[in-house]
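Notes for the one structure printed next.
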Amino acid sequence: MNQPVKHGRMRIFLHSEFFDHYKKSPTAIISSFILVTVILLAIFGPKITVQNPYDLGSLNLSEAFKPPAWMDGGDSRFLLGTDQNGRDILSAIIYGSRVSLFIGLVGVLLTSLVGITLGLLAGYFGGKFDTIIMRIADIQLAFPSMLIALFLMGLTGPSIRNILIALTLIGWVRYTRIVRGEVLSVREKEYVDAAKVIGFSNGSIILKQILPNVMTSIIVISTLRVGSFIMTEATLSFLGVGVPISTPSLGMLCSDGFKVLYSGLWWVSIFPGLYIVIIVFAINLLGDFLRDELNPKLK
Amino acid sequence: MEERNKVLEVKNLKTWFHTFKGVVKAVDDVSFELYEKEILGIVGESGGGKSITGFSIINMIDEPGIIETGEILFEGRNIVRLSEGEMNKIRGKKISMIFQDPMTSLNPVYTIGKQLEEILILHESLSKKERRNRCIELLKAVGISNAEKRLKNYPHEFSGGMRQRVVIAIALASNPKIIIADEPTTALDVTIQAQILRLMKKLVRENNCALILITHDLAVIAEMADRVNVMYCGKIVESGYTRDIIFHHLHPYTQGLIGSIPGTDTEKKRLTTIEGVVPNMFDLPKGCKFAPRCAYRQPVCFEEEPEIRDFGDNHRAACFFPVREGAV
């Protein structure tokens with residue numbers, strides 16, 4: 001009994017109920033494995049791809065229209081085939097996933113910053129500010145978010161910055177509503193009163209006492225949001241109002257391939273689409289696992 | 001009795017809540033003093049204004065409540081109208097508070113060491129090492145063994161009684177002049193209650209601070225308090241030294257409260273209760289607020305409200321027909 005107990009964070013984590021459930025959940029393990037692979041590919045992809053699909057100089061038109069490697073006429077260098085410009089689909093997918101993941105992650109970061117801040121303030125202070133923010137949220141929820149995004153992107157033109165702005169403008173509502181709701185219940189807890197009694201200012205009560213207690217919900221929505229933002233971006237790009245042509249994302253690749261789909265070049269469009277499905281599916285599975293594990297209301 | 005210094009004086013405090021349905025006079029013209037090293041009990045039924053009195057002192061009344069009039073003199077100045085910033089320097093540092101439910105009064109996401117340290121960071125200028133030592137010292141003072149290790153534990157790793165000890169340690173951290181304890185043992189097992197109460201009494205005495213003990217439990221008061229205020233419908237109906245209140249009470253309400261304490265030694269078939277319920281705070285009766293429930297009521301009780309009168313030796317009561325014989 002007397003052996004010294006280490007209180008390292010890693011050790012606590014490895015012995016937690018959370019980690020135990022994780023080990024026993026095949027979906028969680030598989031989905032996180034897929035996501036780690038996708039992220040590693042996005043980071044180190046440029047070192048292993050056969051060409052830089054953005055670099056027009058490295059494309060060779062004589063290598064266009066190659067089917068995937070396992071089909072007749074396939075080329076072993078181009079595992080998933082090439083498109084009408086001789087661009088390697090696998091390389092394009094890996095480069096495209098960098099754009100998609102960047103938009104998904106940074107989009108969620110910006111959205112959550114705006115949404116959480118508004119939710120915390122509205123929930124904690126209440127009153128007129130709360131009313132105004134929540135009515136704006138209600139109005140916004142009355143519009144289909146894709147419509148708002150299309151409108152904004154049509155107005156501002158395709159660029160990564162604009163798409164991040166559009167995602168933030170359509171995404172903050174969900175954060176604000178959930179965070180506000182949580183804050184309403186957390187602020188009635190006695191430890192919040194206790195913090196006031198100790199002499200904490202409102203600012204540090206919000207940041208130090210309330211925010212950590214709504215963090216679990218935030219983690220869960222954020223995970224699921226990354227998936228849905230990647231989808232939204234892909235849809236916008238597919239419709240031609242997403243990322244600019246010079247930085248193709250997965251959605252853009254689908255859209256490009258769509259033009260030649262009926263000429264029998266199915267691989268140009270299907271593989272990027274499949275990759276989106278795999279990423280979003282893995283994110284959603286992991287998000288569901290986190291929701292079940294972290295949400296005390298479901299326990 | 002030696003002459004002692006007043007640490008707190010509440011004069012004609014009125015805390016009213018302006019709700020849509022009308023004005024609730026939660027605390028209505030309450031005056032009392034608190035002396036150094038004293039334990040003052042505030043007792044009464046739910047809704048009697050006990051907690052609101054406590055919260056008024058540290059100016060933590062939420063909308064729609066406001067402190068209408070009155071003075072709260074602490075260290076020679078009136079703290080009723082202080083700004084939030086100035087009040088924050090008093091809260092926790094000079095006046096601290098212990099809440100009812102130790103299960104919810106500690107933040108579940110921080111270790112108790114961190115929560116203890118927070119208040120030291122806020123109100124004391126100590127080095128990291130000094131703070132740690134002070135935390136350990138505080139935990140030891142409230143009877144938590146193995147303090148060094150326990151600092152790293154989260155609240156859920158403590159039992160209710162242990163958590164309340166931690167809460168007490170936090171309240172004591174910056175050597176406050178006054179601790180306000182709002183039903184500190186209501187959520188605990190009876191066996192733990194006695195331990196915690198004795199601990200609080202000991203620490204209050206050792207640290208030279210004064211304690212305002214808010215409770216509905218007269219048995220707790222009898223064990224702990226030096227003086228008692230009995231509150232009913234936002235007013236103090238009787239106040240005096242504990243022994244006077246327990247053995248020579250004047251107000252029929254106090255008599256009712258004492259009569260309804262279950263005893264194991266007496267062979268009563270049924271507990272005495274106070275008939276009726278606390279009146280609707282929106283629609284208080286004219287005259288004495290307790291009259292409709294009082295066993296000794298007379299027609300005059302429904303017409304006029306009795307002033308609080310002094311019956312000697314700091315014993316005061318607001319009743320036309322005090323129950324103690326010869327007291328009139």
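Distance alone, capped at 3.5 Å, places no donor-acceptor pair between the B:Y110 side chain and the A:Q209 backbone.
With a 4.5 Å cut-off on non-hydrogen atoms, B:M60 touches chain A through its side chain but not through its backbone. Heavy atoms of B:E84 lying under 4.5 Å from chain A are absent altogether. The part of B:I170 that comes within reach of chain A is its side chain, from C-beta onward, which places non-hydrogen atoms under 4.5 angstrom from that chain.
Applying the side chain to side chain contact (heavy atoms under 4.5 Å, CB included) criterion to B:F17, with sequence neighbours excluded, gives B:T15, B:T19, B:V24, B:A26, B:I52, B:I61, B:P64. Residues satisfying the side chain to side chain contact (heavy atoms under 4.5 Å, CB included) test with A:F281, not counting sequence neighbours, are A:L285.
The interface of residues 113-146 of chain B with chain A, defined by heavy-atom distances below 4.5 Å, comprises B:E118, B:I119, B:L122, B:H123. When the heavy atoms of residues 193-204 of chain A are compared with those of chain B, the residues falling under 4.5 Å are A:D193, A:A194, A:K196, A:V197, A:I198, A:G199, A:F200, A:S201, listed by number.
Nearest heavy atoms, A:Y191 versus B:P108: CE2-CD, 3.3 Å.
Atom NZ of B:K93 has more than 12 heavy atoms from other residues, nucleotides or ligands within 6.0 Å. The local environment of CZ in A:F143 is sparse, with at most 12 non-hydrogen atoms from other residues, nucleotides or ligands closer than 6.0 Å. Heavy-atom contacts from other residues, nucleotides or ligands closer than 6.0 Å to CE of A:M231 number 12 or fewer. With a 6.0 Å radius and a threshold of 12 heavy atoms from other residues, nucleotides or ligands, A:R174 has its CZ atom at or below the threshold. Heavy atoms of other residues, nucleotides or ligands lying less than 6.0 angstrom from CZ of A:F125 number more than 12.
In this structure, CD on A:E190 lies 5.5 Å from CG on B:D101, to the nearest 0.5 angstrom.
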